[in-house]
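Following: one structure in structure tokens, then a few remarks.
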Amino acid sequence: MGRIEDRIEIKCPVDKVFAYTTVAKDWPKWHDYILEAEQTPQGQVGVGTTFKGKTRMWGLTLEWTGKLIEYEPYKRWRLIVDAGSVSTDEKLTFDAVESDTRFTIVYDIKPSGLLKLLSSRIDSSMRKQWKLSLINLKGILEAES
């Protein structure tokens, strides 16, 4: 299935971008398709931390769970998400560029069952959603700086 890769430069230090993008309760603020997100259970984040939430896509509300499989503060984050008929492997990287941050996402989408038939539409929709999310993120963080 599809692989989405995109990046954006944000006029904020890496620590601020990392802190904002890796807190589950903040995800609905910059991802317009995430309705709810929370860390389960609360506590320190690290490899093995789990998350759950709800996403609205294609007129459907999907419940999902995720597990953090890679975590290096201010450098990288990798989350495997299961939403039933769609699983994703989300990789985020954070690179300092002078006083700014280059934020990169790589999103591997793997539909199963009947959703495989819609894979090209899912891929196209996710590309648009991520582009909007990155623009939202940039606007929020740069407005706070």
Side-chain angles (χ1 to χ4, degrees), residues 1-58 60-112 115 118-145:
M1 172 60 199
R3 179 184 188 99
I4 298 167
E5 186 166 350
D6 207 343
R7 68 181 44 91
I8 197 163
E9 299 244 346
I10 302 172
K11 294 184 185 316
C12 289
V14 168
D15 60 336
K16 184 174 181 179
V17 176
F18 185 87
Y20 190 79
T21 59
T22 60
V23 174
K25 68 178 177 68
D26 290 335
W27 297 344
K29 296 174 187 173
W30 59 284
H31 289 286
D32 62 351
Y33 59 92
I34 295 180
L35 302 174
E36 304 173 8
E38 67 177 298
Q39 180 181 326
T40 56
Q42 297 298 313
Q44 189 167 352
V45 175
V47 171
T49 298
T50 57
F51 302 88
K52 69 178 182 176
K54 292 182 182 178
T55 299
R56 181 102 175 130
M57 298 190 97
W58 318 297
L60 303 170
T61 299
L62 303 171
E63 292 190 13
W64 54 266
T65 58
K67 184 174 184 178
L68 196 58
I69 64 167
E70 190 174 341
Y71 179 79
E72 186 180 346
Y74 315 117
K75 293 285 184 192
R76 68 183 47 83
W77 163 284
R78 185 171 175 201
L79 185 68
I80 301 296
V81 177
D82 179 9
S85 297
V86 179
S87 65
T88 56
D89 183 347
E90 173 187 293
K91 299 172 194 110
L92 309 178
T93 57
F94 307 80
D95 297 299
V97 180
E98 296 179 17
S99 61
D100 299 343
T101 302
R102 179 179 305 123
F103 178 61
T104 304
I105 63 105
V106 177
Y107 212 67
D108 289 307
I109 308 162
K110 298 171 187 110
S112 61
L115 286 183
L118 300 172
S119 62
S120 64
R121 293 183 84 187
I122 293 169
D123 187 45
S124 174
S125 176
M126 291 298 293
R127 284 181 195 286
K128 290 175 188 172
Q129 292 292 346
W130 263 107
K131 182 64 81 180
L132 291 172
S133 293
L134 291 175
I135 291 167
N136 289 342
L137 176 65
K138 179 180 176 75
I140 290 167
L141 290 175
E142 289 182 358
E144 292 178 357
S145 292

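All values derive from a computational prediction rather than experimental measurement.
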Please round to the nearest 0.5 Å and tell me the distance separating atom [atom1] of [X] and atom [atom2] of [Y].
X: R78; Y: I69; atom1: CZ; atom2: CD1; value: 3.5 Å
X: I135; Y: I8; atom1: CD1; atom2: CD1; value: 6.0 Å
X: I10; Y: K138; atom1: CD1; atom2: NZ; value: 7.0 Å
X: Q39; Y: T22; atom1: CD; atom2: OG1; value: 9.5 Å
X: D95; Y: T104; atom1: CG; atom2: OG1; value: 6.0 Å
X: R56; Y: I34; atom1: CZ; atom2: CD1; value: 14.5 Å

Does the distance from a Lys or Arg side-chain N to an Asp or Glu carboxylate O, for [X] and [Y], drop under 4.0 Å?
X: E9; Y: R7; value: no
X: D108; Y: K91; value: yes
X: R76; Y: E70; value: yes

If we only count heavy atoms from C-beta on, is the [X] to [Y] side-chain gap below 4.5 Å?
X: V47; Y: L68; result: no
X: T65; Y: T50; result: no
X: T21; Y: W30; result: yes

### Message
Go through it in stages, so that I can follow the logic: the residues are I105 and E90, the test is side-chain contact (heavy atoms from CB on, under 4.5 Å), and I'd like the CA-CA distance, side-chain angles, deciding distance and then a yes or no.
### Response
CA-CA 7 Å; I105 63 105; E90 173 187 293; over 6 Å; no
### Query
Do the ring planes of W77 and F51 sit parallel (below 30°), tilted (30 to 60°) or perpendicular (above 60°)?
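If you compare the ring of W77 with that of F51, the planes turn out tilted.
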### Task
Report the C-alpha separation of T55 and H31 in whole Å, then their side-chain angles, then the decisive distance to 0.1 Å, and conclude whether the side-chain contact (heavy atoms from CB on, under 4.5 Å) test is met.
CA-CA 9 Å; T55 299; H31 289 286; over 6 Å; no
[X], [atom1] atom: more than 12 neighbouring heavy atoms under 6.0 Å:
X: K29; atom1: NZ; answer: yes
X: E144; atom1: CD; answer: yes
X: K16; atom1: NZ; answer: yes

### Message
So, applying side-chain contact (heavy atoms from CB on, under 4.5 Å) with D15, which one of F94, Y74, Y20 is it?
### Response
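Running side-chain contact (heavy atoms from CB on, under 4.5 Å) over F94, Y74, Y20 with D15 returns exactly one hit, Y74.
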Determine the minimum heavy-atom distance between [X] and [Y], stating which atoms define it.
X: A37; Y: A24; result: CB-O, 3.3 Å
X: L79; Y: G66; result: CD1-C, 3.9 Å
X: C12; Y: T101; result: O-OG1, 2.7 Å
X: E63; Y: K54; result: OE2-CE, 3.6 Å
X: K131; Y: D6; result: NZ-OD2, 2.9 Å

### Task
Please step through side-chain contact (heavy atoms from CB on, under 4.5 Å) for the pair Y71 and T49, ending with a clear verdict.
CA-CA 10 Å; Y71 179 79; T49 298; over 6 Å; no
